[in-house]
Peer 1: 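Here it is: the structure, laid out below.
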Amino acid sequence: MTDLLAGLNREQTQAVTLPPQHALILAGAGSGKTRVLTTRIAWLIQTGQVTPQGLLAVTFTNKAAKEMIARITAMLPINTRGMWIGTFHGLCNRLLRTHHREANLPQLFQILDSADQLAAIKRLLKTLNVDDEKYPPRELQHFINGQKEQGHRPADVEAWDEFTRRRVELFAEYEAQCQRESVVDFAELLLRSYELLKHNEPIRKHYQRRFRHILVDEFQDTNKLQYRWLKLLAGGDGEVPGACLFCVGDDDQSIYRFRGAEVGNMLAFEREFQVPNVIRLEQNYRSCGNILDAANAIIANNTQRLGKQLWTDQGEGEPIRVYEAFTDGDEARWLVEEIQSLVRDGLSRSDIAVLYRSNAQSRVLEHQLFSAGVSYRVYGGLRFFERQEVKHALAYLRLIANPDDDTAFARVVNFPTRGIGARSLEALQDAARTFNGSLYATVSHLTGKPRKAIEPFVAMIEKMRSDTAALPLPEVVDHVLDQSGLREHYLSQKAKDGQERLENLDELISAAANFVAEMPAPEAAVDHPLLADFLAHASLEAGDHQADAGEDAIQLMTVHSAKGLEFDVVFLTGLEEGLFPHDNSVRELDGLEEERRLMYVAVTRARQRLYVSLAQSRMLHGQTRYCMRSRFLDEIPVGLTKWLTPQQSASRQPSPGAFGAGMRRAATAPAQASRDLNGLRIGQAVQHARFGVGTIVAAEGSGADARIQINFGPNGMKWLLLGVAKLEPVG
DNA sequence: TACGACTAATTTTTT
DNA sequence: ATTAGTCGTA
């Protein structure tokens with residue numbers, strides 16, 4: 001028992017060995033959060049306080065779930081199979097498969113990923129003849145998911161205006177369509193299993209009795225519905241005592257508000273459960289002192305915090321290096337040189353990360369890295385199960401498992417092309433609407449030319465199903481690739497990237513083989529064993545975000561995707577107003593605080609050395625933008641930084657004289673900036689007849705298009721045409 | 001059905 | 001600058 005706790009600090013030990021009560025662990029960046037969580041689980045089991053079956057552990061990503069399982073198995077010789085450790089969605093899927101009857105779903109229901117969901121919505125709008133200009137599919141998708149995440153069904157939505165009323169109708173139509181097609185989207189997995197537990201007392205009590213300890217990772221990222229789901233499972237119910245909720249999170253690292261995460265859940269949890277144990281893990285084992293001090297100083301500017309101060313006993317380490325480039329290209333060139341010199345000094349490339357706020361920034365960086373021959377890896381591209389050819393193949397498999405899946409049907413009915421045109425499909429959609437059946441089932445009701453065109457497709461799927469019924473899964477996939485004509489299509493010259501796509505299709509067969517190997521053999525002799533499970537796996541786990549994990553390459557990623565990772569050296573690029581913090585966020589309520597948390601996450605990724613860089617001008621959307629340096633840069637105490645270039649960019653609160661000619665390097669300063677701005681400078685105060693006094697924040701375009709952005713304080717942020725606006729310099 | 005031309009949008013992302 | 005999506009023509 002003691003060896004489990006070996007090496008833990010006081011707070012960590014306290015958290016791991018808490019008595020069976022609710023607990024909230026405020027775990028700062030790099031404070032050993034995952035270790036505490038997994039050790040807590042191992043400790044609970046080892047001390048006999050709970051059996052592996054009596055425990056529920058929830059994470060957000062499959063990666064985190066896998067790591068948790070791996071660490072637990074390393075600590076305890078137990079079989080984790082059968083333990084309920086997984087993502088919210090994975091566990092809900094499990095719940096719904098087990099109780100599909102009670103949840104009013106067929107056992108083989110399919111899961112729509114976001115792209116499938118969007119396709120389904122587009123199809124819905126088309127059949128209902130809805131103007132997609134007025135109701136953009138993406139917006140509707142966001143609306144529907146947002147409502148579901150609030151726990152709302154169409155009847156629960158308060159609609160005060162015509163627009164919302166109509167969207168609610170479409171929400172209801174969408175639900176009907178999903179039910180008809182036996183498909184379930186991500187939000188629905190959550191909501192459906194929440195409702196199952198809520199309304200089915202025997203099932204609810206069964207799980208409430210079973211789970212004595214519920215542990216939640218990244219609790220700050222939970223949305224409203226997820227929190228309610230947890231409350232339902234953990235809440236006592238009459239004679240059934242409540243479970244212990246052990247929530248681990250960091251309010252300062254809450255960066256997913258834009259997709260529904262509610263940091264407020266942390267406070268709500270503490271209040272509603274009268275949490276007797278709030279433990280702060282503030283000792284950081286990752287970063288040097290200077291880096292932590294910078295992070296602490298930055299996050300201290302946020303007002304809505306639970307409060308935490310990271311510290312380390314590692315010493316202050318190196319200063320934070322700041323580089324100010326003239327252009328984004330210069331920034332990238334400098335970065336590559338610096339990286340090359342680090343590598344020459346013996347640092348391995350995979351220990352270096354280049355972070356940016358938005359994906360668009362990676363292009364310039366990649367270009368320079370590529371020309372210099374430095375190998376790199378970009379996170380966040382298409383994932384395996386999201387690739388076009390893979391989705392096509394999966395669509396055929398989905399039709400075998402569930403012919404009513406109209407999304408899959410529509411996707412491949414004419415791919416590879418088999419002469420089924422828009423007219424035939426329209427006829428089919430109309431007929432399906434009148435017969436209130438699936439596209440697949442409606443084909444037999446068609447007449448004339450459309451029927452002739454589509455019938456062979458249905459026959460083909462039928463043949464596939466019977467031919468493959470008794471085959472093992474990988475062979476099913478192989479067979480489908482051939483019989484559908486997909487392989488032939490990508491083999492032909494006209495398909496672009498054919499070779500690569502064929503490789504991915506082969507990879508899909510391997511994925512199926514791996515999946516089968518990791519699954520227990522199916523009990524009964526059923527047709528297409530494991531097919532539905534494999535399809536669920538494909539939807540719930542889209543595959544790795546990165547390619548070639550083994551290669552020693554520089555890691556490029558957005559700050560968001562860097563959360564949870566750490567590197568010896570971090571380059572944080574594009575520290576400019578408008579970019580980081582992003583313009584769109586500054587306008588939102590509390591948006592700036594979230595951007596600052598993002599900055600905090602970025603800074604705390606670095607172990608040894610942190611570089612922070614910015615460019616005075618940057619190509620954005622094909623136009624050069626002139627930028628001020630980010631306010632976040634100014635929030636780092638001066639004593640912690642070391643400027644590699646003379647400080648020259650405008651700060652947000654300009655001090656008198658800071659922009660004098662003497663501060664600029666005359667020979668190399670970007671000449672356009674002053675020329676295009678008619679003698680005005682970024683950071684300069686100007687007077688406008690209507691808006692009053694403001695500060696020039698940014699400029700873009702040239703000639704007649706030249707526009708400048710001015711912060712008029714209480715009168716707001718305005719973009720004004722330089723040639724039109726009458727501006728007087730102030731001071 | 002396939003291709004080229006034109007238009008609009010372009011923060012962050014897991015499941 | 002780029003890319004996805006729509007529209008009209010061959």
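Side-chain atoms are counted along with the backbone in the values below, which use heavy atoms only and exclude waters and symmetry mates. Each chain gets a letter, A, B and so on, in the order its sequence line appears, and its residues count up from 1.
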Peer 1: Excluding sequence neighbours, so at least two apart, what forms side chain to side chain donor-acceptor pair (under 3.5 Å) with A:Arg387?
Peer 2: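 Testing A:Arg387 for side chain to side chain donor-acceptor pair (under 3.5 Å), a comparison that skips the adjacent residues, returns none.
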Peer 1: Run the ring-ring contact (aromatic ring centres under 6.0 Å, His included) test against A:Phe457 and tell me which residues pass, sequence neighbours left out.
Peer 2: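 Listed in chain order: A:Phe409.
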Peer 1: Could you tell me how far apart A:Asn145 (CG) and B:dT14 (P) are, to the nearest whole angstrom?
Peer 2: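 One finds 15 Å between P of B:dT14 and CG of A:Asn145, rounded.
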Peer 1: For a quick check of understanding: with a heavy-atom distance under 4.0 Å over all strands, which category does A:Leu91 fall into, base, sugar-phosphate or nothing?
Peer 2: nothing
Peer 1: For DNA chain C, which nucleotides open and close the run of contacts to chain A, 5' to 3', at under 4.0 angstrom from a non-hydrogen atom?
Peer 2: C:dA1 to C:dT3
Peer 1: Any protein N or O atoms within reach of nucleotides 10-12 of chain B? Criterion: under 3.5 Å, listing atom names and distances.
Peer 2:
{"unit_1": "B:dT11", "atom_1": "OP1", "unit_2": "A:Asn584", "atom_2": "ND2", "d": "3.4"}
{"unit_1": "B:dT11", "atom_1": "O4'", "unit_2": "A:His582", "atom_2": "NE2", "d": "3.3"}
{"unit_1": "B:dT11", "atom_1": "O2", "unit_2": "A:Arg357", "atom_2": "NH1", "d": "2.7"}
{"unit_1": "B:dT11", "atom_1": "O2", "unit_2": "A:Arg357", "atom_2": "NH2", "d": "2.3"}
{"unit_1": "B:dT11", "atom_1": "O4", "unit_2": "A:Glu588", "atom_2": "OE2", "d": "3.0"}
{"unit_1": "B:dT12", "atom_1": "OP1", "unit_2": "A:Asn359", "atom_2": "N", "d": "2.6"}
{"unit_1": "B:dT12", "atom_1": "OP1", "unit_2": "A:Asn359", "atom_2": "ND2", "d": "3.0"}
{"unit_1": "B:dT12", "atom_1": "O4'", "unit_2": "A:Arg357", "atom_2": "NH2", "d": "3.1"}
{"unit_1": "B:dT12", "atom_1": "O2", "unit_2": "A:Arg357", "atom_2": "NH2", "d": "2.6"}

Peer 1: Could you check how far CG of A:Asp583 sits from C1' of B:dA9, rounded to whole Å?
Peer 2: 16 Å
Peer 1: Separation of A:Phe60 atom CZ from B:dT13 atom P, in whole Å?
Peer 2: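 Rounded to whole Å, this separation is 16 Å.
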Peer 1: Can you name the side chain to side chain donor-acceptor pair (under 3.5 Å) partners of A:Asp251, sequence neighbours left out?
Peer 2: none
Peer 1: Specify the residues of residues 128-144 of chain A, ordered by number, for which at least one heavy atom lies under 4.0 angstrom from an atom of DNA chain B.
Peer 2: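 When residues 128-144 of chain A is checked for heavy atoms under 4.0 Å from DNA chain B, there are no hits whatsoever.
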Peer 1: Mind listing the side-chain donor-acceptor pairs of residues 255-262 of chain A below 3.5 Å, one per line with the distance, residues two or more places apart or on another chain?
Peer 2:
{"unit_1": "A:Arg257", "atom_1": "NH1", "unit_2": "A:Leu589", "atom_2": "O", "d": "3.0"}
{"unit_1": "A:Arg257", "atom_1": "NH2", "unit_2": "A:Leu589", "atom_2": "O", "d": "3.3"}

Peer 1: Can a donor-acceptor pair be found between the side chains of A:Tyr379 and A:His560 at a distance below 3.5 Å?
Peer 2: no
Peer 1: Whether A:Arg383 contacts B:dT15 is assessed here as follows: a side-chain N or O lying under 4.0 Å from the phosphate OP1 or OP2. Is that the case?
Peer 2: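 Yes.
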Peer 1: Taking atom P of B:dT15 as reference, at what distance in whole Å does atom CH2 of A:Trp229 sit?
Peer 2: 16 Å
Peer 1: Looking at every strand, decide which applies to A:Asn62 at a 4.0 Å heavy-atom threshold: base, sugar-phosphate, or nothing.
Peer 2: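 A:Asn62: backbone/sugar contact only, no base atoms under 4.0 Å.
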Peer 1: To the nearest Å, give me how far apart NZ (A:Lys563) and P (B:dT15) are.
Peer 2: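 About 12 Å, once rounded to whole Å.
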Peer 1: What residues form a side chain to side chain donor-acceptor pair (under 3.5 Å) with A:Glu149, not counting sequence neighbours?
Peer 2: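 A:Glu149: no side chain to side chain donor-acceptor pair (under 3.5 Å) contacts found.
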Peer 1: Tell me which pairs pass salt bridge (charged side-chain N to carboxylate O under 4.0 Å, His left out) where either residue lies in residues 83-98 of chain A, with sequence neighbours left out.
Peer 2: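 Listed by first then second residue: nothing to list.
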Peer 1: Within the structure, does a side-chain N or O atom of A:Asn414 lie under 4.0 Å from either OP1 or OP2 of B:dT1?
Peer 2: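 For B:dT1, OP1/OP2 do have a side-chain N/O of A:Asn414 under 4.0 Å.
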Peer 1: Under the rule for ring-ring contact (aromatic ring centres under 6.0 Å, His included), what residues qualify as partners of A:Phe415, not counting sequence neighbours?
Peer 2: A:His392, A:His489
Peer 1: Separation of A:Asp217 atom CG from B:dT14 atom C1', in whole Å?
Peer 2: 14 Å
Peer 1: Whole Å only: how far is the CG atom of A:Leu225 from the C1' atom of B:dT15?
Peer 2: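 The answer, rounded to whole Å, is 13 Å.
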Peer 1: Any side-chain hydrogen bond (donor to acceptor under 3.5 Å, both in side chains) involving residues 126-139 of chain A? Give me the pairs, sequence neighbours left out, ordered by first then second residue.
Peer 2: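 Residue pairs passing side-chain hydrogen bond (donor to acceptor under 3.5 Å, both in side chains), neighbours aside: A:Glu139-A:Arg167.
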Peer 1: Using the test salt bridge (charged side-chain N to carboxylate O under 4.0 Å, His left out), find all partners of A:Arg357 that sit at least two apart in sequence or belong to another chain.
Peer 2: A:Glu595
Peer 1: Write down the distance between NE2 (A:His89) and P (B:dT13), rounded to a whole number of angstrom.
Peer 2: 17 Å
Peer 1: Taking only Lys NZ, Arg NE, NH1 and NH2, and the carboxylate oxygens of Asp or Glu, determine whether A:Glu195 and A:Lys198 approach each other closer than 4.0 Å.
Peer 2: no
